[in-house]
Amino acid sequence: MKLTLRWSNGEGSRRFPLWTRSLKAKEIFPVRTRPLSVQCLLEGGMMLTYADKMEIVRQHQIAAPVQTVPIAQAMGVNVYHVPNWPNELSGKIMKSAQHGGNSGYAIYVNQGHHPNRRRFTTAHEIAHFILHQDAIGDGITDDGLYRSRLSNAMEAQANRLAADILMPWHLLNPYIDRGTTEVGELAGIFGVSLSAMSIRLGVPA
């Protein structure tokens, strides 16, 4: 049986066999969205610092909803939506010579989940790349509750940074100041779940 996955570029996705080894870089990464300086760092084999990664995040927090796949791509991380995963599996980040971007890493997300959940999963795995790259090792697999082999504290850190990526206060506060305070409406604007927005605002779900 072929195990297939979908490669996502933020606009669409396409299938190819997981075991395919003959794809050229230009065939699996047709759109370059990174600033040239960051692109040169990655292609030169240099590791991005925490400050580099957070600057990339800020560059993409222009308007809601914040697009997660371009953030990952800008860090040299490819993102794939994987069909037929069990519902209790959310996502994974791992180093992959076959599927990794210029950083060598790839993020895999459960295609069967709601788009808002997929966005949070992508942001969560980006957070692991920013905060815990040295701990990724053979890969970090997050279950339905975003638990993995990492400590609960590290997973909580990734959840908090994922919320910061998707719901930055500099984008959220202007809506609130203009009178948009209904949790469901804000969740729709920012492309997140009611639960995620409720936690962000500190109000009951």
Linking I/L/V/M/F/W/Y whenever any side-chain heavy atoms sit under 4.5 Å apart, do I62 and L186 land together? no

So, the side chain of D143 versus the backbone of L89: is there a donor-acceptor pair under 3.5 Å, distance only? no

Just wondering, are more than 12 heavy atoms of other shown residues or ligands nearer than 6.0 Å to CG in N152? no

Do L48 and I56 touch side chain to side chain, with heavy atoms closer than 4.5 Å? yes

Can you give me the closest heavy-atom contact between A127 and A158, atom names plus distance? CB-O, 3.5 Å

Pair Y146-T121, side chain to side chain contact (heavy atoms under 4.5 Å, CB included): steps then yes or no: CA-CA 8 Å; Y146 297 104; T121 297; 2.7 Å; yes

Does the side chain of H113 reach to within under 4.5 Å of the side chain of N87, using non-hydrogen atoms? yes

When rounded to the nearest 0.5 angstrom, what is the spacing between CE in M167 and CG in N173? 13.0 Å

Describe, in one word, how the ring planes of Y175 and F190 are oriented to each other, choosing from parallel (under 30°), tilted (30 to 60°) and perpendicular (over 60°). perpendicular

Taking all heavy atoms of R58 and all of A51, pick out the closest pair and write down the distance. NH2-O, 4.3 Å

Same cluster or not: are L145 and I93 linked, directly or through other Ile, Leu, Val, Met, Phe, Trp or Tyr residues, by side-chain heavy atoms under 4.5 angstrom apart? no

Which residue pairs pass the salt bridge (charged side-chain N to carboxylate O under 4.0 Å, His left out) test when at least one of the two sits in residues 157-180, sequence neighbours left out? D164-R200

Is the shortest side-chain heavy-atom distance between L201 and I176 below 4.5 Å? yes

Non-hydrogen atoms of S193 and A196 that approach each other most closely: OG-N, 3.0 Å

For R118 and H81: C-alpha separation, side-chain torsions, deciding distance, then whether side chain to side chain contact (heavy atoms under 4.5 Å, CB included) applies. CA-CA 9 Å; R118 294 201 303 261; H81 290 169; 3.7 Å; yes

In this structure, would V203 and V192 fall into the same cluster of hydrophobic residues linked by side-chain contacts under 4.5 Å? yes

Partner of Y105 under side chain to side chain contact (heavy atoms under 4.5 Å, CB included), picked from K95, H128, H99, is K95

If you define the side chain from C-beta out and look only at heavy atoms, does anything of N159 sit under 4.5 Å from H124? yes

Heavy-atom check, side chain of I107 versus side chain of N78, under 4.5 Å: no

Show the nearest heavy-atom pair for residues A123 and T68, with the distance to one decimal. CB-CG2, 4.2 Å

Report the C-alpha distance between I130 and M75 in whole Å, list the side-chain angles of each, state the deciding distance to 0.1 Å, and finish with yes or no for side chain to side chain contact (heavy atoms under 4.5 Å, CB included). CA-CA 9 Å; I130 294 173; M75 294 181 188; 3.7 Å; yes

Quick one: does M94's side chain get under 4.5 Å of D138's, heavy atoms only? no

Side-chain contact test, heavy atoms from C-beta onward, threshold under 4.5 Å: evaluate it for R117 versus S90 and give yes or no. yes

Full working for side chain to side chain contact (heavy atoms under 4.5 Å, CB included) between V66 and L171: CA-CA 9 Å; V66 176; L171 294 181; 3.9 Å; yes

Once rounded to the nearest 0.5 Å, what's the spacing between atom CD of Q67 and atom CD of Q73? 11.0 Å

Quick one: are V109 and V82 in side-chain contact, heavy atoms under 4.5 Å? no

As an exercise, state the distance from CG of L150 to CG of D142, rounded to the nearest 0.5 Å. 7.5 Å

Do I199 and L172 share a hydrophobic cluster (ILVMFWY, side-chain heavy atoms under 4.5 Å, transitive)? no

Residue set satisfying side chain to side chain donor-acceptor pair (under 3.5 Å) with K53, at least two apart, ordered chain then number -> Q133

As an exercise, state the distance from NE2 of H170 to CD of Q61, rounded to the nearest 0.5 Å. 5.0 Å

Nearest-0.5 Å distance that lies between atom OG in S148 and atom CD1 in I136: 10.5 Å

Rounding to 0.5 Å, atoms CG (L131) and CE (M54) come to a distance of 8.0 Å

